[in-house]
Each structure stands twice: as C-alpha cells, then as structure tokens.
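Structure first, commentary second.
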Amino acid sequence: MALTGRAALLAALGTLPVGILEPSWTGILAVNGSLALACAVDCALAAPVRGLRLTRSGDTSVRLGESADVHLTITNPGRRTLRARLRDAWPPSSWQPGTEGPASRHELTVPAGERRRLTTRLLPTRRGDRRADRVTIRSYGPLGLMSRQGTHVVPWTVRVLPPFASRKHLPSRLARLRELDGRTSVLTRGEGTEFDSLRDYVPGDDTRSIDWRATARRNEVAVRTWRPERDRHILICLDTGRTAAGRVGDAPRLDSAMDAALLLTALATRAGDRVDLLAHDRRLRAQVQGRSATDTLPAFVNAMAPLEAELVETDSRTLVSTILRSAPRRSLVVLLTSLDAAPIEEGLLPLLPSLTQRHTVVLASVADPHVAGMTRARGTVDAVYEAAAGTRSQARRRRTADQLSRHGVHVVDATPDTLAPALADAYLSLKAAGRL
C-alpha cells in the first residue's frame, strides 16, 4: 500500500487553514483523521493485484533496427473495477535511450470480470535475447488516495536478429550469377564445370567441346554446354575471439562479419550450393549443418542472434581441427577473422597447409576506414605522426595478406560497408573459374 500525491496534497491543504485559524492538535487530528479514514476506505475499495491473471502474446523475433510489439492481457476476476498504472519491465537495451519510460508504462481500467490488452513496443539496440522482467501493477481506489501494489512474473522472450543490411546488394549479385549461368555454357569447358546439355555447333565454338558420339548419332555436329558447378559445399567460420570485439565505426567487427556471411549464404543457396556455419573462439559457439536451401538463411540468422565476441584469444588449432571434421570432402572454407599480424602469424599461419591442401580457403577481414583517413592527415606534427601510424598499419595488413596468399589463401580485406559485396564477388569469381 502507498499514499498517492493527491492524499499528500489534501493533507497539506487541510492542515493549512487549521494552522492559521485554529492552531491546535484537535484541529490537526480532526482533519488528518478524516483523511486517514477516507484513505482506508479508498484502499479497501481498490481492486486486489495478486488475483489478476496476466498472459503475453505477440512477436518472438525482430531484426535489429525494427520494432516488436508484445501484448499483455490483464484479466480482472474480482468484483471491483481495476484502476491501475502498470510498468512492463524489460532490459534497458530493449528501447532507444530515453524512451523506456513512455514505452513501458501504461494506464488502464478493467471492469470486474473483464480483460484488457496492452501493447508494449520494443525497439532493441542490440542483438540477442531480450527477456521480460516483472510486471508491476499499482491499483488505485475510486478516490485516488491510496494504492495497492504487486508484481507478476510473465515470461516472454524476443530474439533480436542481425539486421542483414547487405541484403540490398543481393539483386545485383544474383543478376551476375544469372549472367554467369548464361555465358558459361559457351565460354567454359573442362574441369571445374558440370555438363548441362547438347546443342548444335555454330561457327566460333571451341572444337574441343564437340561431342563426337552425339554427332555420330544425330548426323549433325553437336557441342557440349557447361554450367557453373552446383551442389558445392561452403563452410563459413566466424571468429568470435577478442579481435571480433573491436568496434569499427558504430558496430563490432563481429556484426560486420555476420552481415557478410548472410549475403554470401543467400547468394550461395540461390546458386544451388550447400552452406554450413561455425562460430568458434576457444570452443565451438554455434554450428548449423545440413539444412535445406530454404531453411539455411533463417537457421543462420537464428544461430547468429545470441552470439557475442569473447575476450579470449582464438584457439586456431582447435578451429582448424573443427573445420576439418565438419568438411570431410573438398569445400570452400570462408574464414571471417582479423588480419592482425600477431594472431595470424602465431596462430593460423602454421596450420594453413593442412587446410589449403584439402580445401579452397578465403579469408575475409574487416578493415577500419579511419586508418585510411589517418594516412591522408597533413599540416601539423601530430597529423604527420598520425599519417605515419596509419601507413605502417596498412603495410602490416598488406604483408600479412601477402603471406596468406603465398599459402594459397584468397584474401578479402574491406571496410564494413564493402566487405559483404566484396566477399560475394570473390565467391562469384571462384565459381566462374571452376575453383570451388
């Protein structure tokens, strides 16, 4: 039970004339006694809180940057009308800063034996699972002098999924894929491609693509057409170690890597390839395997949602052994990790031969655009030192990339905005060359 501001105001207003006209304990007790009696009656007439029945419904998942509506249904089984204020508590990251108060607090009136539904609109600022906290209800009497308060635990979870901002690049890459399908039947032959169909020979065709057996049966010169390889296996590996926790721009490196992985997954599944996912640092954090083309992207998004970078050094030996177990036959292995010299040279580089001799390996890394801006700084002594530091950092990344290239690794080093399309272009280039 709690007094309201209205009761305090009435007490002050009642005491003021008594103090001016008849300053005595009798006058004060007369005013406050009447007020206390009114408060007791008001509290007795307030609807009880503990007997209320609360249920939830609504959205269970939402993409980062979009809103989710969670409905709370309050049923009043008592005989008194419920006049209440309600606070639907969620973690602070469920709303934009400064908007939690208006979004989580509601006023309602529920007559006896009826129910009402409230809607709490969430606008999360982080990925992961957002779990509802307690629902606090303050029930007021008809006079608004006293209130009863109680809490209910009404479980509900909203999973905040990665935003997939690079989806806008998918139509252009699909157009390139269709273009690749159309021209490969004429221009590509030999290993690394799959037989598609036979057609009549036209002047200018490569004579090596003539099918002599089909020519003998048809009495016309027939040539084989080829299409890009399909049903190839792609294994995407997200490094969730300490380097993935570094922020580039407004988001951690891990978020940019996830966005690139989602674009590649959407493109590869449309191309007829099978895509699996690993997330690893010192241990396996998430794994998605053996999903159908229609289920792969939703499964990836759902698995990535709760992932957070761990402040530990990635165990490269365990990562490579996990990749070799997960990909028993030749595959395209895409490592989304850092190009920092120390983790690569001390951890991954000695283990690459065992990986590259069995698989085609692509390493994609998020570059910091601020470093490129540093190299252009001039005019003051501090600016010159800043430019030197930026140039040295870029030189180290290029040297590390060259070392990886000498081991047969295809390196994609791009800023957060361009990493996803650059990785998709690398995949299309490998597919066009028949190297998957």
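Quick caveat: nothing in here was measured; it's all calculated off a predicted structure.
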Where do R131 and D133 land on the salt bridge (Lys or Arg N to Asp or Glu O under 4.0 Å) test, with the steps shown first?
CA-CA 6 Å; R131 294 181 173 84; D133 202 350; over 6 Å; no

Please lay out, stage by stage, how M304 and L262 fare under the test side-chain contact (heavy atoms from CB on, under 4.5 Å).
CA-CA 10 Å; M304 290 176 181; L262 291 176; 3.9 Å; yes

Take T120 and H106, measure what side chain to side chain donor-acceptor pair (under 3.5 Å) needs, and give me the verdict at the end.
CA-CA 9 Å; T120 300; H106 308 272; 3.2 Å; yes

Please lay out, stage by stage, how I74 and R53 fare under the test side-chain contact (heavy atoms from CB on, under 4.5 Å).
CA-CA 6 Å; I74 300 97; R53 295 197 294 268; over 6 Å; no

Hey, mind stepping through I137 and R148 against side-chain contact (heavy atoms from CB on, under 4.5 Å) and telling me if it holds?
CA-CA 8 Å; I137 303 175; R148 300 183 180 188; over 6 Å; no

I'd like to know whether L54 forms a side-chain contact (heavy atoms from CB on, under 4.5 Å) with T73, so could you lay out the CA-CA distance, the side-chain angles of the two residues, the decisive distance to 0.1 Å, and finally the verdict.
CA-CA 6 Å; L54 282 72; T73 301; over 6 Å; no

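Between D59 and W156 the shortest heavy-atom distance is O-NE1, 3.0 Å. Taking each heavy atom of L423 and A364 in turn, the nearest pair found is CD1-CB, 4.2 Å. Counting all heavy atoms, side chain and backbone alike, H359 lies closest to A327 at CE1-O, 3.1 Å. Closest of all the heavy-atom pairs between A305 and V160 is CB-O, 3.4 Å. Contact record, L307 with R127: O-NH1, 2.8 Å, taken as the closest heavy-atom pair. Taking every heavy atom of both residues into account, H152 and R50 meet most closely at CE1-O, 3.6 Å.
The CG atom of L267 sits 6.0 Å away from atom CG of L177, with the distance rounded to the nearest 0.5 Å. Considering OG1 of T265 and OH of Y427, their distance stands at 10.0 Å, rounded to 0.5 Å. Here the straight-line distance linking atom CD1 of I236 with atom OG1 of T296 works out to 10.0 Å at 0.5 Å rounding. Interatomic distance, NE2 of H410 versus OG of S405, reported as 8.5 Å (0.5 Å rounding). Between the OG atom in S326 and the CG atom in L235 there is a gap of 6.0 Å [rounded to 0.5 Å]. L355 CG to L335 CG: the interatomic distance, rounded to the nearest 0.5 Å, is 6.5 Å.
Distance alone, capped at 3.5 Å, places no donor-acceptor pair between the S166 side chain and the H169 backbone. The closest donor-acceptor contact from the side chain of H71 to the backbone of G58 lies at 3.5 Å or more, if one exists at all. Remark: side-chain polar atoms of S67 are not paired, donor with acceptor, to backbone N or O of R121 under 3.5 angstrom. Using a distance-only test at 3.5 Å, with no hydrogens or angles considered, a donor-acceptor pair links the side chain of S338 to the main chain of D340. Between the R247 side chain and the D250 main chain, a donor and an acceptor come within less than 3.5 Å of each other. For the pair N76 (side chain) and G78 (backbone), a donor-acceptor distance under 3.5 Å is present. Distance alone, capped at 3.5 Å, is enough to place a donor-acceptor pair between the S321 side chain and the R317 backbone. In terms of modelled atom types and a separation under 3.5 Å, the side chain of T157 and the main chain of D129 share no donor-acceptor contact. With hydrogens and angles ignored, the 3.5 Å screen pairs a side-chain donor or acceptor of R80 with a backbone N or O of A46. In this structure a side-chain-to-backbone donor-acceptor pair under 3.5 Å is missing from R176 to L428.
A 4.5 Å side-chain heavy-atom check between L82 and T109 finds every atom pair outside the cut-off. No side-chain heavy atom of V110 sits under 4.5 Å from any side-chain heavy atom of L52. Looking only at side-chain heavy atoms (C-beta outward), P162 and D259 stay at 4.5 Å or farther from each other. Between V154 and T55 the shortest side-chain heavy-atom distance does not fall below 4.5 Å. Under the 4.5 Å side-chain criterion, counting only non-hydrogen atoms from C-beta, L174 is in contact with R270. The side-chain heavy atoms of L238 and M258, taken from C-beta on, include a pair separated by under 4.5 Å. Side-chain contact between L339 and L404: present, with at least one pair of heavy atoms (C-beta onward) separated by less than 4.5 Å. Side chains of P343 and L348 form no contact here, defined as non-hydrogen atoms less than 4.5 Å apart.
A donor atom on one side chain and an acceptor atom on the other are not found under 3.5 Å apart for T314 and D281. Of the N and O atoms on the side chains of D417 and T415, not one donor lies less than 3.5 Å from an acceptor on the other residue. A donor-acceptor contact closer than 3.5 angstrom links the side chains of R159 and N302. Side-chain polar atoms of D276 and H233 form a donor-acceptor pair below 3.5 angstrom. If you check the side chains of R274 and T269, you find no donor sitting under 3.5 Å from an acceptor. A donor and an acceptor atom, one from each side chain of D295 and S292, are located under 3.5 Å apart.
A salt bridge links D88 with R56: the distance from a Lys NZ or Arg NE/NH1/NH2 to an Asp or Glu carboxylate oxygen falls below 4.0 Å. Between E310 and R242, none of the side-chain N atoms (NZ, or NE/NH1/NH2) sits under 4.0 Å from a carboxylate O, so this pair counts as no salt bridge. A salt bridge links E100 with R87; the closest basic N to acidic carboxylate O contact falls under 4.0 Å. For the pair D425 and R173, the salt-bridge criterion is met [side-chain N within less than 4.0 Å of a carboxylate O].
Among residues two or more places apart in sequence or in another chain, the salt bridge (charged side-chain N to carboxylate O under 4.0 Å, His left out) test is passed with R130 by none. Partners of Q357 by side-chain hydrogen bond (donor to acceptor under 3.5 Å, both in side chains), not counting sequence neighbours: none found.
Residue-environment remark: CZ (R291) stays at or below the threshold of 12 foreign heavy atoms within 6.0 Å. Around atom CZ of R392, no more than 12 heavy atoms belonging to other residues, nucleotides or ligands sit under 6.0 Å away. Residue-environment remark: CD (E346) stays at or below the threshold of 12 foreign heavy atoms within 6.0 Å. Around CZ of R285, the count of heavy atoms belonging to other residues, nucleotides or ligands within 6.0 Å exceeds 12. When the shell of 6.0 Å around CZ of R126 is examined, it contains 12 or fewer heavy atoms from other residues, nucleotides or ligands.
When L86, V70, V135 are each tested for a side-chain contact (heavy atoms from CB on, under 4.5 Å) with L118, only one passes: L86.
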